[in-house]
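Structure first, commentary second.
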2 protein chains.
Amino acid sequence: MTNEMIYNPHVSVDCVVFGFDGSKLKVLLIERTINEQNELYNDKKLPGSIILTDEDLDDAASRVLTELTGLKNIYLSQFRSFGNPKRTDNPRDILWLENTTQLKIGRIVTVAYVALIKIDRKIQFKSEISQANWYDLNEVATMNLAFDHAEIIKKGLEYIRHSLDIEPYLLFELLPRKFTLSQLRSLYDTVHQTNSDVRNFQKKVALWAYVVALDEMEEGVPHRAARLYKFKRTPNP
Amino acid sequence: MTNEMIYNPHVSVDCVVFGFDGSKLKVLLIERTINEQNELYNDKKLPGSIILTDEDLDDAASRVLTELTGLKNIYLSQFRSFGNPKRTDNPRDILWLENTTQLKIGRIVTVAYVALIKIDRKIQFKSEISQANWYDLNEVATMNLAFDHAEIIKKGLEYIRHSLDIEPYLLFELLPRKFTLSQLRSLYDTVHQTNSDVRNFQKKVALWAYVVALDEMEEGVPHRAARLYKFKRTPNP
DNA sequence: ATATCTTATTGTAATAAATACATTATTCAA
DNA sequence: TTGAATAATGTATTTATTACAATAAGATAT
């Protein structure tokens, strides 16, 4: 992002990017360093950006993700806007905003998105402008985050739990392209905070037309290999 | 609203206010008159307002509803933001904005809310600044609305259908304080676009702890009077 | 008073969906 | 070849959902 860009200084987008490492939900955060009276202060923030003049909200969110990870075609969904005037009350946040944008910034209303990423996709974590890392969701609760980003993550998690509940095929945005039923069940149970019975779960999945068995098995595991499955988009999933 | 108020000129809120008249869903719209080169042009818009400096989004939405209807304690839920740069492309909309706010207005990102109102609540339709009216949702599809308000209504309807589906007790925000099971079923079927069997529906409702029978019957109907019920907030509805 | 009209109220059987529960199979590694 | 680890699979029970129609009550008209 260059300095010539024209900002709309009152509106930003922030992305809560979720991944699943096989047993835990992860969230992607950006390292932030603030030079505060020559003391360096480090914390984390959500990937986000002030929107550009003439840029649609969804486009801004896509841009942020592409700039950050190098990825395109990511599942992205707007879930809520945050506009509490106090959300920009921390002088440290204002300092960081004004340093990075070269603008005098007052209040910012942010439009928040969730994104789901297959955690095995090769992400370029380090870009010209930022360094990203995956963090355990639990861990995040105890971390110091910029602005109201802790709250945004919490609401994003609620939203995505809810979405995955009513649109189970979104689960596949978080799984590798080929996956085992154990992986699927593990993810399902993680997001639903349940502990499914293996047999009942497989019966349930058998009814999902969009999960198809492959003629391939898992490899390199020190025990019986499981069958691999893939997600297949159906007319009306 | 007076002229001394300070606006945050890039962000507004708009409210999609739903009511139920016993057989149809209604939406509350504001009459708008634009003086366009001495030709008066009339159309409708959603109740809304640019947010004030230091005003939270939810507060702005509540303010709009109170200014408009005189009502407080209305169910209100943020559902989506609309920020397409083209949404303020119509010169008529810009003209109206600049006339009413006395500000030079470019693009506006709006945060949209749905509100549910018991249609029998006494609304003060005519305020100092506006005249409101209920319109059939069907009718609205064929009407000329300001900005992208037609789209906002459509999305608001999707959202509320969905919310009522997973939180059935929200239905009671749309019903009179005392209601019959026929009214409840009629509303339920209207929002779900279904046609429930009477017996099965009553069995379903019998399982809803938050619907309690009263010792009162309907009055003034030219046929057998139905029992009245009320909604009772339960520990965990 | 009686018939008629309109809407209210109620139960049962059939089907489908969700749950509880344990054994055998396969592969790798020691 | 044995042990360790995880994969794969079926049946009976319970619960939820659906389909379906006759009688009851109050108001109005004759």
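Below, chains carry the letters A, B, ... as their sequence lines are ordered, and counting in each starts from 1.
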Q. Side chain of A/Pro222: nearest nucleotide among D/dA7, C/dT9, C/dA29?
A. C/dA29
Q. Tell me: CZ of B/Arg199 to C1' of C/dA13, nearest whole Å?
A. 12 Å
(Q) Check this for me, if you would: do A/Glu67 and A/Arg63 make a salt bridge, where the nitrogen-to-carboxylate-oxygen distance has to be below 4.0 angstrom? (A) yes
Q: Would you give the length of the straight line joining atom CG of B/Leu68 to atom CD1 of B/Ile123, rounded to the nearest 0.5 angstrom?
A: 7.5 Å
Q: Write down the distance between CG (B/Asn200) and C1' (C/dA8), rounded to a whole number of angstrom.
A: 16 Å
Q. Which nucleotide in the set D/dA7, C/dA8, C/dT10 lies at the smallest distance from any side-chain heavy atom of B/Gln202?
A. C/dT10
Q: Please tell me which of the listed nucleotides, C/dG11, D/dT11, C/dT6, lies nearest to the side chain of A/Lys203?
A: D/dT11
**Q.** Most 5' of A/Leu207 and A/Val221 on DNA chain C, judged by nearest nucleotide
**A.** A/Leu207
Q) Is there a donor-acceptor contact under 3.5 Å from the side chain of B/Thr69 to the main chain of B/Leu65? A) yes
Q) Between B/Arg227 (CZ) and C/dT9 (P), how many Å, whole number? A) 7 Å
Q | Nearest-angstrom distance from the residue atom NE2 of B/His223 to P of C/dT9 | A | 11 Å
Q) Does B/Arg224 get its side chain close enough to the base of D/dA25, under 3.5 Å, for a donor-acceptor pair? A) no
Q: Ignoring hydrogens and angles, state whether a donor on the side chain of A/Tyr159 or A/Ser77 is under 3.5 Å from an acceptor on the partner side chain.
A: yes
(Q) Both A/Ala225 and B/Glu218 contact DNA chain C. Taking the nearest nucleotide for each, which residue is further toward the 5' end? (A) B/Glu218
